[in-house]
Amino acid sequence: MKVKRIVANINTNDLMAAKCFYQDVLGLDLMMDHGWIRTYGLNEEMGIQISFASQGGSETPTPDLSIEVDDVDTALEGMKKAGFPIEYGPVDEPWGVRRFYVRDPFGKLINILAHEHGNTNGQS
């Protein structure tokens with residue numbers, strides 16, 4: 001048996017609110033829409049990971065989701081321009097990531113990060 005995919009499910013009655021944050025700002029594609037569920041993603045190969053943490057690092061709260069991007073500062077600009085509240089950062093962490101925390105439209109704490117110098121091992 002092999003795990004093929006891990007999908008995060010966020011409960012909401014406002015499916016349209018996801019479009020601005022996940023599609024318009026982060027650039028994910030709408031991959032499925034059944035009316036009661038909308039799935040955003042990319043048709044690119046991605047690593048499968050699930051993390052369990054007692055904190056978010058640097059004594060921050062544990063985020064609900066971590067999303068790795070290729071340019072943290074551009075993502076930060078987009079989030080600010082769209083009016084999403086930044087709760088931490090941006091900061092260059094000692095374990096080699098640049099990141100910030102933002103709240104999505106559903107109150108979920110999202111860790112937006114990029115690994116420095118192509119390092120994709122270690123903590124997010």
Side-chain angles (χ1 to χ4, degrees):
M1 194 278 308
K2 175 179 132 182
V3 173
K4 293 176 63 177
R5 182 170 57 146
I6 294 174
V7 177
N9 296 302
I10 297 173
N11 185 54
T12 182
N13 290 323
D14 186 1
L15 297 176
M16 288 299 296
K19 182 184 182 305
C20 181
F21 189 92
Y22 291 97
Q23 187 173 29
D24 297 346
V25 177
L26 290 176
L28 296 177
D29 298 326
L30 178 62
M31 301 182 74
M32 180 183 72
D33 184 351
H34 291 304
W36 56 272
I37 184 172
R38 288 189 176 157
T39 300
Y40 295 89
L42 295 173
N43 283 319
E44 294 180 20
E45 192 70 29
M46 294 183 194
I48 296 173
Q49 296 181 338
I50 184 168
S51 298
F52 302 89
S54 60
Q55 60 150 308
S58 298
E59 302 299 323
T60 63
T62 303
D64 296 296
L65 293 173
S66 290
I67 299 174
E68 185 175 354
V69 298
D70 61 355
D71 186 335
V72 167
D73 295 316
T74 299
L76 179 66
E77 273 181 45
M79 291 298 172
K80 286 181 177 178
K81 193 177 292 185
F84 292 105
I86 308 303
E87 297 207 359
Y88 175 73
V91 64
D92 296 316
E93 297 287 10
W95 55 87
V97 300
R98 180 165 176 75
R99 70 179 181 158
F100 67 92
Y101 285 4
V102 60
R103 290 274 172 193
D104 78 358
F106 316 104
K108 300 298 182 189
L109 187 61
I110 311 299
N111 175 29
I112 307 285
L113 69 113
H115 287 90
E116 296 173 4
H117 309 298
N119 175 20
T120 58
N121 295 326
Q123 287 184 299
S124 295

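Residue numbers start at 1 and run along the sequence shown. Since the structure is predicted, the reported quantities are computational estimates derived from the model, not experimental observations.
With hydrogens and angles disregarded, no donor-acceptor distance shorter than 3.5 Å links the side chain of Ser58 to the backbone of Thr60. The backbone N or O of Val97 lies less than 3.5 Å from no partner atom in the side chain of Glu93, so there is not a single donor-acceptor pair.
More than 12 heavy atoms of other residues, nucleotides or ligands lie within 6.0 Å of CE in Met46, so this atom counts as buried by the packing criterion.
Under the 4.5 Å side-chain criterion, counting only non-hydrogen atoms from C-beta, Leu26 is not in contact with Tyr40. Considering only heavy atoms from C-beta on, Ile86 comes within 4.5 Å of Lys80 through its side chain. The side-chain heavy atoms of Phe84 and Cys20, taken from C-beta on, include a pair separated by under 4.5 Å. The shortest distance between side-chain heavy atoms of Pro61 and Leu109 falls below 4.5 Å. Between Asp104 and Asp64, every side-chain heavy-atom pair lies at or beyond the 4.5 Å cut-off. Side-chain contact between Met31 and Asn43: present, with at least one pair of heavy atoms (C-beta onward) separated by less than 4.5 Å. Using a 4.5 Å cut-off on side-chain heavy atoms (C-beta onward), Val102 and Glu87 make no contact. Side-chain atoms of Val69 and Thr74, non-hydrogen and from C-beta on, never get closer than 4.5 Å to each other.
Of all non-hydrogen atoms in Ser54 and Thr62, the two that sit nearest each other are C-OG1, 3.7 Å. Ile48 approaches Ile6 most closely through the heavy-atom pair CG2-CD1, 3.1 Å. For the residue pair Ile112 and Ala75, the shortest heavy atom distance occurs at CG2-CB, 3.9 Å. Shortest non-hydrogen contact noted between Asn111 and Ser66 is ND2-OG, 3.0 Å. Summarising the geometry of Val25 relative to Phe21, their closest heavy-atom pair is CB-O, 3.5 Å, with the distance given to 0.1 Å.
Under 3.5 Å, the side chains of Arg99 and Tyr101 contain a donor-acceptor pair of N or O atoms.
Linking Ile, Leu, Val, Met, Phe, Trp and Tyr whenever their side-chain heavy atoms come within less than 4.5 Å puts Val72 and Ile67 in one cluster. Hydrophobic clustering (ILVMFWY, side-chain heavy atoms < 4.5 Å, transitive): Trp95 and Tyr88 are in distinct clusters. Linking ILVMFWY side-chain heavy atoms closer than 4.5 Å, directly or via other members, places Trp36 and Met32 in a single hydrophobic cluster.
Of the inter-residue distances, the one linking Asp29 atom CG with Thr39 atom OG1 reads 12.0 Å to the nearest 0.5 angstrom. Remark: Glu77 CD to Asp71 CG distance equals 8.0 Å, nearest 0.5 Å. Note that CG of Leu65 and NZ of Lys108 are 8.5 Å apart. Values are rounded to the nearest 0.5 Å.
Taking the six-membered ring for Trp and thresholds of 30 and 60 degrees, Tyr22 and Phe106 have nearly parallel ring planes, at less than 30 degrees apart.
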